Amino acid sequence: MTERQKDRPWLMRTYAGHSTAEASNELYRNNLAKGQTGLSVAFDLPTQTGYDPDHILARGEVGRVGVPVSHLGDMRRLFQDIPLEQMNTSMTINATAMWLLAMYQVVAEEQGADITKLQGTTQNDIVKEYLSRGTHVFPPGPSLRLTTDMICYTVNNIPKWNPINICSYHLQEAGATPVQEIAYAMSTAIAVLDSVFASGQIPEDRKGDVVARISFFVNAGVRFIEEMCKMRAFGRIWDKITRERYGIEDAKQRRFRYGVQVNSLGLTEAQPENNVQRIVLEMLAVTLSKDARARAVQLPAWNEALGLPRPWDQQWSLRIQQVLAHESDLLEYEDIFAGSHVIEAKVDTLVEECLAEIDRIQEMGGALAAVESGYLKSQLVSSHAERRARIEAGDEKIVGVNCYQATEPSPLTADLDGAIMTVDPAVEARVVASLKNWRDTRYQPPFNHPRPCKALEKLKEAAKGTGNLMEATLECVRSGATTGEWSEALREVFGEFRAPTGVSSAPVAVTAEEGTPLALVREKVARTASDLGSGRLRLLVGKPGLDGHSNGAEQIAVRARDAGFEVVYQGIRLTPEQIVSAALAEDVHCVGLSILSGSHAELVPDVLVRLREAGAPDIPVIAGGIIPPADAEELRKAGVAAVFTPKDFGITEIIGRIVDEIRKANKLDPLEVPA
């Protein structure tokens, strides 16, 4: 078989962006030079949630988990010397997707590009943000309108663009089973397509064009057979929905098009070298089957459970894809699983169960109604709690974590602090200064932007009406408005939204029969509450800053509840001031802070200082998240009672240690109750 007869490889990407637009631009150009065939842009949390870098909630978050893009000047620098007409760019952006796409379009126009030739994807799936990732801004109704307007605009003006990447990836990260992952993603797709077709912006004869631009972003876990069958089931269900519900006759327009980032939830801090084989196995699940092969693949790096990967780590993941595509004979054959009775039986079962769950959600009023009622979130929290319970019981094996823990010293992590990339804390100040300079000079040569006030007022007027918001957004971009200004204008009209946490309605996942670890911890909780004369111990679980990855916080809250704590959990996106106010108002015995975005060094000490200033220095504060060893030591020096990282997988044990810290802080003798 000659090279010309081989299938074309999938798009190869690495999810990247950090510090500044200039630093990220250099990273992108280097990755493209190494053979990467598409860009996948990671934006920082202020950009994702519609805040400028100088907003109070942005403190400690700027440039941490992605690149800050505050205005058109940043977008110009981000793609400098990268011809956008020739590029395929994926942007992981949701609540502010319209704003980022508008900036991308304007930069492309400035490069002289024909925007009808632009290719790429905006994630733009707000439903999963309410359920798992937490970068939502507006209520479900207005959010769906923004998504609808973007889809209609791109189909009519940027026809090669994928305006939405319906994202089941983060649902699996939040605990979704394969059935939940498929059913919730398909329910989101139904809600979006129903809204687009009801908007009156798409002629009847162009419905197929809309369906053809809907793409999906899927998670591939380590259960190879199940994950590969999941992809086949996805395709079968999508074909059925688009044909039967929307009457799409063209099979090409009904094709299930998806990209993948393989599972990051399963990457471990313990023996992180094992993550390499996990990543390879997960990649095979979405590449081996030709009939269900991903259109684009991006792989995490082996050390993502430790912190931000270095360029070399990302190169390693890119090379994994390249070896499979170019050295193996995978692309020379038809689907190697076709006709397998094992595969067909598993796919049939998944399809049947998924269709039943989709029907259940439709009976509730659809995906958005199921978000607002809390049904979807509570189901995910419950599934995640059950999975964690299986891991802790040893029923679900994770090599290096709950089995085969003996290990030789790893040369990869001999220098733990050098095994990841760190963002210079001074970056935030430089980005804020750059933003101030933009605001001061955006009206002057060489920019000569008109003042953004009029454009923002037009945006608000458009938002109060029913017209498409994309043109008003483009005008704001060209006027020199900032990310925060655009978002604030829409906040004034649409309001904001705090999604259900799913904690209170989550069922008990771990039994507390006599002699079990949870029963022993319940005894510690009850005895400590009695010793303090407080009725019940009270734990505040807080998410300071903009980190919306709430899975860990939710699991701590649920297990603490089941251990007998009264739990105060108000969800994500709180300032240190709000957390301290809640701790004092609820008279809690401990404050637990969860941060995965890297802002712990800034925000956790702030909580400690505020507690001292409020006269409550004895309330122990614990911290959890992706916290490098050097940072953990600094937090302990600052007064944090305990630091937990992903290697601390035993949640019941963590709850027991929280009780120990409460006793220590209140000068009670240690209990000899094992936990």
Side-chain angles (χ1 to χ4, degrees), residues 132 168-182 184 218-231 261-286 300 302 304-305 342 346 349-350 353 378-407 502 506-513 516-519 521 549-559 562-563 596 624 626 644-656 675:
S132 56
S168 70
Y169 174 87
H170 296 95
L171 300 181
Q172 188 181 118
E173 298 276 289
T177 64
V179 170
Q180 289 171 329
E181 186 178 344
I182 296 172
Y184 296 176
V218 181
N219 202 329
V222 77
R223 290 173 58 82
F224 170 79
I225 300 298
E226 188 171 74
E227 292 296 320
M228 193 265 290
C229 290
K230 180 184 76 179
M231 302 310 169
Q261 157 118 1
V262 307
N263 191 292
S264 293
L265 176 69
L267 302 184
T268 63
E269 180 183 4
Q271 298 180 30
E273 61 275 11
N274 295 335
N275 294 331
V276 176
Q277 49 264 37
R278 293 185 180 110
I279 290 167
V280 171
L281 187 58
E282 291 163 353
M283 176 188 65
L284 292 176
V286 296
W302 68 277
E304 286 195 19
V342 173
K346 180 64 177 176
T349 299
L350 284 171
E353 293 178 1
S378 65
Q379 294 296 302
L380 291 175
V381 172
S382 299
S383 294
H384 199 180
E386 290 167 5
R387 177 180 181 271
R388 291 300 302 248
R390 292 194 301 272
I391 293 170
E392 291 177 51
D395 298 330
E396 186 169 322
K397 304 292 186 189
I398 300 181
V399 174
V401 174
N402 63 359
C403 63
Y404 308 112
Q405 294 164 285
T407 181
V508 174
V510 177
T511 58
E513 284 87 3
T516 62
L518 185 59
V521 171
H549 288 85
S550 57
N551 304 331
E554 291 156 2
Q555 294 308 309
I556 291 291
V558 169
R559 193 69 56 84
D562 295 345
L596 278 77
I626 299 177
F644 300 100
T645 65
K647 70 178 184 299
D648 302 298
F649 73 96
I651 299 180
T652 299
E653 180 183 349
I654 290 172
I655 303 303

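In this chain, residues are counted from 1 in sequence order. For clarity, every value in this text was computed on a predicted model and none was experimentally measured.
Scanning for salt bridge (charged side-chain N to carboxylate O under 4.0 Å, His left out) contacts around Glu282 gives an empty result, with sequence neighbours left out. Remark: Arg223 engages Glu226 in a side-chain contact (heavy atoms from CB on, under 4.5 Å) (not counting sequence neighbours). Qualifying side-chain contact (heavy atoms from CB on, under 4.5 Å) partners for Ala174, counting only residues two or more places apart in sequence or in other chains: Ser132, Leu380, Asn551. Looking at residues two or more places apart in sequence or on another chain, you find no salt bridge (charged side-chain N to carboxylate O under 4.0 Å, His left out) involving Glu273. Every residue meeting the side-chain contact (heavy atoms from CB on, under 4.5 Å) condition with Glu392, not counting sequence neighbours, appears here in chain and number order: Arg388, Arg559, Phe649, Ile651, Thr652. Gln405 pairs by the side-chain contact (heavy atoms from CB on, under 4.5 Å) definition with nothing, not counting sequence neighbours.
When every heavy atom of Ala270 is checked against every heavy atom of Gly400, the shortest pair comes out as CB-O, 3.4 Å. Looking at every heavy atom in both residues, Ala220 comes nearest to Gln172 through C-OE1, 4.3 Å.
Two residues are said to be in side-chain contact when any heavy atoms from C-beta on lie closer than 4.5 Å; Leu267 and Pro272 fail this criterion. Between Val262 and Pro300 there is a side-chain heavy-atom pair separated by less than 4.5 Å. Between Glu554 and His384 there is no side-chain heavy-atom pair separated by less than 4.5 Å. Annotation: side chain of Ile391 is in contact with side chain of Ile398 (closest heavy-atom distance under 4.5 Å). Between Glu227 and Val218 the shortest side-chain heavy-atom distance does not fall below 4.5 Å. Using a 4.5 Å cut-off on side-chain heavy atoms (C-beta onward), Glu353 and Ile182 make no contact.
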Go through Ile654 and Ile556 one step at a time and tell me if the side chain to side chain contact (heavy atoms under 4.5 Å, CB included) criterion holds. CA-CA 8 Å; Ile654 290 172; Ile556 291 291; 3.9 Å; yes
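In this structure, the side chain of Ser168 does not engage the main chain of Leu171 through any donor-acceptor pair within 3.5 Å. Here the side chain of Gln271 pairs a donor or acceptor atom with the backbone of Tyr404 at under 3.5 angstrom. Here the side chain of Lys230 pairs a donor or acceptor atom with the backbone of Asn219 at under 3.5 angstrom. A donor-acceptor pair under 3.5 Å is absent between the side-chain atoms of Ser550 and the main chain of Ala553, judged by distance alone. Without hydrogens or angle criteria, Glu269 side chain to Lys647 main chain gives a donor-acceptor distance under 3.5 Å. Asp395 places no side-chain N or O within donor-acceptor distance of the main-chain N or O of Arg390, the cut-off being under 3.5 Å.
The 12-atom threshold is exceeded at CZ of Phe224, counting heavy atoms of other residues, nucleotides or ligands nearer than 6.0 Å.
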